[in-house]
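I have placed the structure first, in the form of structure tokens, so that the comments after it can refer back to it.
Each ligand, and each atom within it, is numbered from 1 in the order the structure gives.
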Amino acid sequence: MVFNFIGKKVRLSRILRSGRAVVFAFDHGVEHGPKDFPSEHIDPKVILRKVVDAGVDAVMLLPGMAYLTHDVWANKTALIVKVTSKTNLRPEDQRMLQSVFGYVEDAIALGADAVAATVYWGSQYEDTMLSMWFSVREAAERYGLPCLQLAYPRGPAIKNMYDVEVVKYGVRAAIESGADLIKTYYTGSRETFAEVVRVAAGVPVLMSGGPAREKPMDFLVDVKNVVEAGASGVVVGRNVFQHKNPSGMIKAIMAIVHDNKEPEDVIKYVE
Ligand SMILES: O=P(O)(O)OC[C@H]1O[C@](O)(COP(=O)(O)O)[C@@H](O)[C@@H]1O
């Protein structure tokens with residue numbers, strides 16, 4: 001009997017409800033520092049409570065944050081524990097490297113439904129991140145834990161990390177490296193993102209939110225475009241926690257992703 005196969009299936013179904021998911025990314029405290037958060041959200045429990053109460057499918061947290069906020073997310077939403085990260089306090093030339101930021105065993109101990117790790121495809125440290133990726137994947141496989149790969153094309157030879165060809169390259173490398181779920185950059189249109197989804201060959205693709213858009217409507221249109229392109233949803237942080245109404249933004253995104261609503265019909269939640 002292959003127990004871990006079933007475990008992976010069961011855990012994935014807790015994240016991808018009817019094949020789609022809205023995931024709240026909340027690892028910015030390390031990736032960008034506390035400056036990323038408006039003052040009212042500097043207490044992580046405040047923003048997490050708003051997002052969980054708004055019904056998000058999953059939250060993606062670093063291990064220490066999952067521990068500190070367990071009373072907010074436990075038994076209310078799925079948990080993805082990210083086990084790589086890096087700070088922008090590093091010297092410039094070391095920011096193309098994500099480092100170990102926890103272990104699969106931490107994710108299991110915390111009750112996670114999946115583990116996440118970043119690979120900057122094209123980085124001068126790609127080989128280091130690949131070793132990390134495969135050791136995370138090997139441990140996760142043993143425990144029946146799905147692996148979300150943040151497949152980010154980023155490196156000295158990459159002029160535009162949102163270019164459809166480099167995003168497709170990162171997604172192809174992600175499926176070849178055994179990702180169960182892929183998070184990658186939006187390529188700017190439904191047509192180009194449909195090409196990205198095709199390259200994923202059936203592995204669920206989630207759009208990475210990116211910097212907060214000037215107008216929330218623009219972000220909601222992006223979300224609509226990616227689900228219409230065949231993607232499985234979004235992993236979003238700044239476009240939610242930097243908005244004055246995070247709960248409304250989650251409700252609007254959930255309605256587009258799970259109920260196929262139009263941005264025009266859901267913008268009322270955020271105004
Ligand atoms: O790589 P960048 O551009 O610094 O952004 C990193 C952040 O973006 C994410 O990948 C997605 O979050 P956003 O929706 O805020 O872009 C986070 O997980 C991460 O903290």
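To the nearest 0.5 Å, atom CD1 of residue Ile42 and atom CD1 of residue Ile47 are 11.5 Å apart.
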Working note: Met129 + Tyr120, criterion side-chain contact (heavy atoms from CB on, under 4.5 Å); need CA distance, chi angles, decisive distance, verdict. CA-CA 7 Å; Met129 283 181 274; Tyr120 292 143; 3.5 Å; yes
Full working for side chain to side chain donor-acceptor pair (under 3.5 Å) between Trp121 and Gln149: CA-CA 11 Å; Trp121 295 103; Gln149 183 178 120; 2.9 Å; yes
Just the distances, no angles: every ligand 1 N or O to protein N or O pair closer than 3.5 Å, one line each.
{"residue": "ligand 1", "atom": "1 (O)", "partner": "Arg154", "partner atom": "NH1", "Å": "3.2"}
{"residue": "ligand 1", "atom": "1 (O)", "partner": "Arg154", "partner atom": "NH2", "Å": "2.7"}
{"residue": "ligand 1", "atom": "4 (O)", "partner": "His32", "partner atom": "NE2", "Å": "2.5"}
{"residue": "ligand 1", "atom": "5 (O)", "partner": "His32", "partner atom": "NE2", "Å": "3.4"}
{"residue": "ligand 1", "atom": "5 (O)", "partner": "Arg238", "partner atom": "NH2", "Å": "3.4"}
{"residue": "ligand 1", "atom": "10 (O)", "partner": "Tyr152", "partner atom": "OH", "Å": "2.5"}
{"residue": "ligand 1", "atom": "10 (O)", "partner": "Lys183", "partner atom": "NZ", "Å": "3.1"}
{"residue": "ligand 1", "atom": "12 (O)", "partner": "His28", "partner atom": "NE2", "Å": "3.2"}
{"residue": "ligand 1", "atom": "14 (O)", "partner": "Gly209", "partner atom": "N", "Å": "3.4"}
{"residue": "ligand 1", "atom": "14 (O)", "partner": "Gly210", "partner atom": "N", "Å": "3.3"}
{"residue": "ligand 1", "atom": "14 (O)", "partner": "Gly237", "partner atom": "N", "Å": "2.8"}
{"residue": "ligand 1", "atom": "15 (O)", "partner": "His28", "partner atom": "NE2", "Å": "2.7"}
{"residue": "ligand 1", "atom": "15 (O)", "partner": "Arg238", "partner atom": "N", "Å": "2.9"}
{"residue": "ligand 1", "atom": "15 (O)", "partner": "Arg238", "partner atom": "NE", "Å": "2.7"}
{"residue": "ligand 1", "atom": "16 (O)", "partner": "Gly210", "partner atom": "N", "Å": "2.7"}
{"residue": "ligand 1", "atom": "16 (O)", "partner": "Arg238", "partner atom": "NH2", "Å": "2.7"}
{"residue": "ligand 1", "atom": "18 (O)", "partner": "Asp27", "partner atom": "OD1", "Å": "2.8"}
{"residue": "ligand 1", "atom": "18 (O)", "partner": "Asp27", "partner atom": "OD2", "Å": "3.3"}
{"residue": "ligand 1", "atom": "18 (O)", "partner": "Lys183", "partner atom": "NZ", "Å": "3.0"}
{"residue": "ligand 1", "atom": "20 (O)", "partner": "Asp27", "partner atom": "OD1", "Å": "2.8"}
{"residue": "ligand 1", "atom": "20 (O)", "partner": "Asp27", "partner atom": "OD2", "Å": "3.4"}

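Using cut-offs of 30° and 60° on the angle between ring planes, the pair His70 and Tyr67 is tilted.
For the pair Lys45 and Asp71, the salt-bridge criterion is met [side-chain N within less than 4.0 Å of a carboxylate O].
Judged purely by distance below 3.5 Å, without hydrogens or angles, the side chains of Arg154 and Tyr185 pair a donor atom with an acceptor atom.
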